[in-house]
Amino acid sequence: MENSLKNKKIIIGITGSIAAYKIYELIKLLKDAEAEVLPVMTKNACYFVTPLSVEISCGNKVLIDMFEESLAHIELAKKADIFLVAPATANIINKYASGIADDLLTTTLLAFKGPVIMAPAMNWRMYQSPQLQRNIDYLKSIGVKFVGPEQGLLACGEEGPGRLASINKIFETVLSTLTEKDLEKENIIITAGPTRQYIDPIRFITNRSSGKMGYALAKIAKRRGAYVTLISGPTAIEPPEVDKFIRVETTSEMLNQVMENINEATVFLMAAAPVDFEPKDFSKTKIEKKSIKSIPLKLCPDILKEVSKLKNKPFTVGFAAETGLNTERAKIKLEEKSLDMIILNDIMQKDRGMEADTNEVLIIYKRFNKFIEEKIPLQPKEKIASIILSKVKEIKLGK
Ligand SMILES: Cc1cc2nc3c(=O)[nH]c(=O)nc-3n(C[C@H](O)[C@H](O)[C@H](O)COP(=O)(O)O)c2cc1C
């Protein structure tokens, strides 16, 4: 299940950083994903957020005092699936690296045997101190995961590395840590979004593709352990964290980047909607409105066709956005472009395809020379992405 933390118990350790107020948004995301959130605060964290509001947002008693409930540190450490310290002060990182256990949070951390994630937040001077850097390196070497900090304007008014990572990034790190890495062996190239074909320096032809489906595939593939290269046309949404992110604008640029990276790939998911025709002539200067009578067009390069000509092409998946569920056209595309699978969706229906957050698709592939069609009902694009990736894995293994 995507974005689900059902039955997962997460200790959230909150420490004395000015960024502590951001924690409510993270707690909400964890709760919305059905996790049980077990809050532990340091005494100094109570200067920044109140235990009462943390307790109410988590729906669980907040623990602060080591001696209030004897053995709470061991009980907590035994039952949790993951320990997240956010925000993590320089103090807690240094203490954890040295094995200090002088309050409930540090003692529980030391007793905890599962995955630990730390999201540091502090002034850049503290972050760059050699002591802290040495301790972060040490903690990474024993398997502690760090998310952030980010570069930017800090609470003290200075600029530098030290901002708490975005709440979405911290949430994604928790999800990723708890997700089985079943695509670890795959190197996946994903294209996403539309392209632009310029008429003159300010006008272009494009389409309604938002990039949401391709970005969802990239996010889930990365979460499941694949090495992900995302080649994206212009989009208005934030790209997910991947191994290699390449921004392109035109169909030719997208083709060049696909060709440059495809030798390494085991899977190629062509989720982008590159524009397939462009103006015959490009005007270097802005075209006078009155002088336009028509815009003659020519075909753009066909990326899937070019990939199909490769000798050792990866497992290739095409996407067909059609007005109506035109399965015959999709099957012809699958054959003509030597695809291993095609994902068809009907863009004429509400809440499906381009721009929507949800989709309903038909997965088409061939087995023993026969077409197989599998309908995936309407659901969020991240769930559709996960189903597509599982199908790719299944068919690729069976090939
Ligand atoms: C207004 C204020 C803001 C602070 N913000 C941070 C911070 O963002 N990160 C940090 O490492 N320390 C920060 N400190 C210092 C910590 O609160 C201090 O090191 C404290 O001992 C941390 O305790 P704890 O790690 O047990 O919560 C701040 C202190 C003050 C007074």
Side-chain angles (χ1 to χ4, degrees), residues 10-27 37-55 57-58 60-69 72-73 76-77 80 82-112 116-140 142 144-171 173:
I10 299 173
I11 303 176
I12 182 155
I14 307 168
T15 64
S17 155
I18 192 75
Y21 72 92
K22 297 180 180 170
I23 216 61
Y24 300 111
E25 205 187 321
L26 181 61
I27 293 170
V37 186
L38 308 163
V40 180
M41 289 170 71
T42 62
K43 290 205 170 97
N44 288 329
C46 303
Y47 286 108
F48 298 89
V49 287
T50 74
L52 180 65
S53 58
V54 169
E55 191 160 300
S57 54
C58 291
N60 267 319
K61 185 172 163 46
V62 62
L63 300 172
I64 304 163
D65 191 340
M66 174 97 132
F67 300 99
E68 193 186 319
E69 271 183 50
H73 56 291
L76 263 181
I82 192 165
F83 202 136
L84 167 68
V85 185
T89 53
N91 184 50
I92 192 86
I93 298 169
N94 290 331
K95 274 162 79 171
Y96 185 41
S98 310
I100 291 173
D102 65 352
D103 63 6
L104 183 67
L105 179 43
T106 47
T107 310
T108 313
L109 252 179
L110 203 62
F112 184 66
V116 174
I117 300 172
M118 294 215 152
M122 66 202 66
N123 174 274
W124 68 270
R125 293 163 200 273
M126 294 169 81
Y127 181 66
Q128 286 183 347
S129 69
Q131 297 92 326
L132 183 76
Q133 286 303 317
R134 181 198 60 198
N135 286 336
I136 289 178
D137 287 346
Y138 168 66
L139 288 173
K140 282 183 181 168
I142 60 164
V144 175
K145 266 194 197 172
F146 279 81
V147 49
E150 287 173 2
Q151 178 85 21
L153 187 64
L154 306 172
C156 53
E158 291 192 314
E159 280 240 17
R163 277 175 72 84
L164 183 73
S166 79
I167 296 303
N168 279 336
K169 242 187 219 166
I170 301 175
F171 179 62
T173 309

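In listed order, ligands and their atoms are each counted from 1.
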Participant: For Glu55, does the CD atom have more than 12 heavy-atom neighbours from other residues, nucleotides or ligands under 6.0 Å away?
Facilitator: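 Counting neighbours around CD of Glu55, more than 12 heavy atoms of other residues, nucleotides or ligands fall under 6.0 Å, so yes.
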Participant: Can you tell me which residues line ligand 1 if we count any heavy atom under 4.0 angstrom from one of its atoms, in chain and number order?
Facilitator: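 Thr15, Gly16, Ser17, Ile18, Thr42, Asn44, Phe48, Thr89, Ala90, Asn91, Ile92, Ala121, Met122, Met126.
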Participant: Quick one: does Thr89's side chain have a donor or acceptor within less than 3.5 Å of a partner on Thr15's backbone?
Facilitator: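 Checked: no pair found.
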Participant: When you measure from the side chain of Ser17 to the backbone N and O of Ala19, does any donor-acceptor pair fall under 3.5 Å?
Facilitator: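 Side chain of Ser17 to backbone of Ala19: a pair is present.
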Participant: Determine yes or no for a side-chain-to-main-chain donor-acceptor pair under 3.5 angstrom, with Asn60 supplying the side chain and Val37 the backbone.
Facilitator: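 Yes, because the side chain of Asn60 sits within donor-acceptor range (under 3.5 Å) of the backbone of Val37.
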Participant: Contact between Val62 and Ile14 at the side-chain level, heavy atoms closer than 4.5 Å - yes or no?
Facilitator: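 A side-chain contact under 4.5 Å is absent here.
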Participant: Give, for atom CE of Met41 and atom CD1 of Ile12, the distance between the pair rounded to the nearest 0.5 Å.
Facilitator: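 These two atoms lie 10.5 Å from each other.
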